[in-house]
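Letters A, B, ... are given to chains in the order of the sequence lines, protein chains preceding strands, and every chain is numbered from 1.
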Amino acid sequence: MGLFKRMEIVVKSKTSKLLDRFEDPRETLDYSYQKQLELLQQVKRSTATVVTTKKRLELQRAKLQQNMQKLDLQARDAISAEREDLARLVLERKKANEIEIENLTTQIEEQEIEQQKLIQTEKKLSAKIEAFRTKKETIKAQYTAAEAQVKVKEAVTGISEEMADVGFAIGRAEEKTETMRAKSAALDEMVELGALDEIGGEDEIERELRKMQTTTGVDTELEKLRAEMGK
Amino acid sequence: MIIRVINEGQYEVNDDLLDDLNKLDNEIVSLLESGDETGFRDVLSEFVSMIRDNGTSLDPETIVESDLIVPPEDLTLSEATKVFSGEGLIPD
């Protein structure tokens with residue numbers, strides 16, 4: 001079975017649940033409408049969470065940017081005092097800081113994209129809900145049991161497909177945000193402990209590569225500072 | 001025929017396209033089975049582009065059932081695996 005057939009099954013199982021719920025089709029319409037409004041609220045909440053996470057990441061980045069200045073001063077102090085070992089240590093930390101700032105910037109951009117997607121989803125869903133409401137009232141006004149079944153089924157099937165679609169978007173956004181929050185909490189802890197150069201979750205190779213990157217950066221920067229300070 | 005691309009919207013597409021889409025769908029499945037993430041992404045993207053390029057986007061106020069529902073272009077391999085295992089991606 002192909003991927004789109006599977007996708008269809010995932011989406012349509014939601015529809016049949018909705019259609020089987022009530023005897024009276026009019027109740028199905030009202031219930032479905034209620035669910036749509038709830039879904040819209042959920043989209044709004046998801047957007048709010050994404051925005052909060054983004055703000056938090058921005059705050060962390062600002063903190064690290066401030067840290068950069070501090071570390072720079074420390075490195076200069078160490079050089080003045082002829083303590084190359086110390087200067088190296090500080091510059092290593094500074095480099096790790098810089099890498100983390102880059103990572104945060106990528107994450108902030110991702111959250112921004114997620115936020116825009118959710119806003120689009122909200123707009124589309126609002127339009128659909130409004131259209132459904134009109135349709136629902138029309139069906140109810142012209143209600144005759146015989147044709148209602150068919151019309152209700154059409155309307156509910158169409159909208160519940162949309163709802164499953166939106167549900168997918170929400171699920172994804174939440175998962176992404178959750179991952180980012182966990183990372184962000186871990187980072188807070190690192191910064192707190194001053195252990196930014198020991199970022200976890202990387203394997204041996206990644207660690208080696210980062211170390212190499214850090215060391216090369218440190219050598220260059222040490223030379224630069226020395227030249228600037230005439231040492 | 002009406003095709004819904006999840007997270008994107010619905011398109012009205014000529015029925016002739018179905019054969020080509022089916023071919024790509026089969027390819028996607030075998031790439032998924034072999035765990036080829038890059039290949040999977042490329043073919044899925046081609047698949048969705050084909051719908052987009054050959055279809056007309058439906059007005060968001062239209063409420064109509066789709067004949068075909070396809071995953072979003074940026075579906076990851078692990079999400080696709082969930083779809084296949086029947087775990088589902090949409091919370092109840």
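In this structure, chain B has no heavy atom under 4.5 Å from any part of A/K123. For a residue to count as touching a neighbouring chain, one of its non-hydrogen atoms must lie under 4.5 Å from one of that chain's; by this rule A/A155 touches chain B with the backbone only. Using a 4.5 Å cut-off between heavy atoms, B/V64 touches chain A through its backbone atoms (N, CA, C, O) alone. Neither the backbone nor the side chain of B/N26 comes within contact range of chain A, judged by heavy atoms closer than 4.5 Å. For B/T62, the part lying near chain A is the backbone, with the side chain staying farther off; criterion is any non-hydrogen pair under 4.5 Å. Contact annotation for B/E8: only backbone heavy atoms (N, CA, C, O) come within less than 4.5 Å of a heavy atom of chain A. In this structure, chain A has heavy atoms under 4.5 Å from both the backbone and the side chain of B/D74. For chain B, the nearby part of A/E175 is the side chain; its heavy atoms alone come within less than 4.5 Å. Contacts of B/I28 with chain A are made by side-chain atoms alone, with heavy-atom separations under 4.5 Å and no backbone atom involved.
Contact detail for A/K94 and A/M68: the closest heavy-atom pair is O-SD, 3.6 Å. Between A/L40 and A/S126, the shortest heavy-atom contact is CD1-OG, 3.6 Å. In terms of heavy atoms, B/L21 sits closest to B/I51 at CD2-CG1, 3.9 Å. Annotation for A/Q111 and A/L57: closest pair CG-CD1, 4.0 Å, computed over non-hydrogen atoms.
A heavy-atom distance below 4.5 Å is not found between the side chains of A/K135 and A/K151.
Side-chain contact check for A/Q42 and A/S46: no donor-acceptor pair (N or O, by modelled atom type) lies under 3.5 Å.
The residue among A/E161, A/E8, A/K128, A/Q120 with the most heavy atom pairs within less than 4.5 Å of chain B is A/E161. Of the listed residues A/A127, A/A169, A/S160, the one with more heavy-atom pairs under 4.5 angstrom with chain B than any other is A/A169. Note on B/I3, B/N22, B/V5, B/N7: by heavy-atom pairs under 4.5 Å with chain A, the leading option is B/N7.
Atom OG1 of residue A/T220 and atom NZ of residue A/K95 lie 7.5 Å apart, to the nearest 0.5 angstrom.
In this structure, A/K176 does not pair ionically with A/E110, as no charged nitrogen and carboxylate oxygen lie closer than 4.0 Å.
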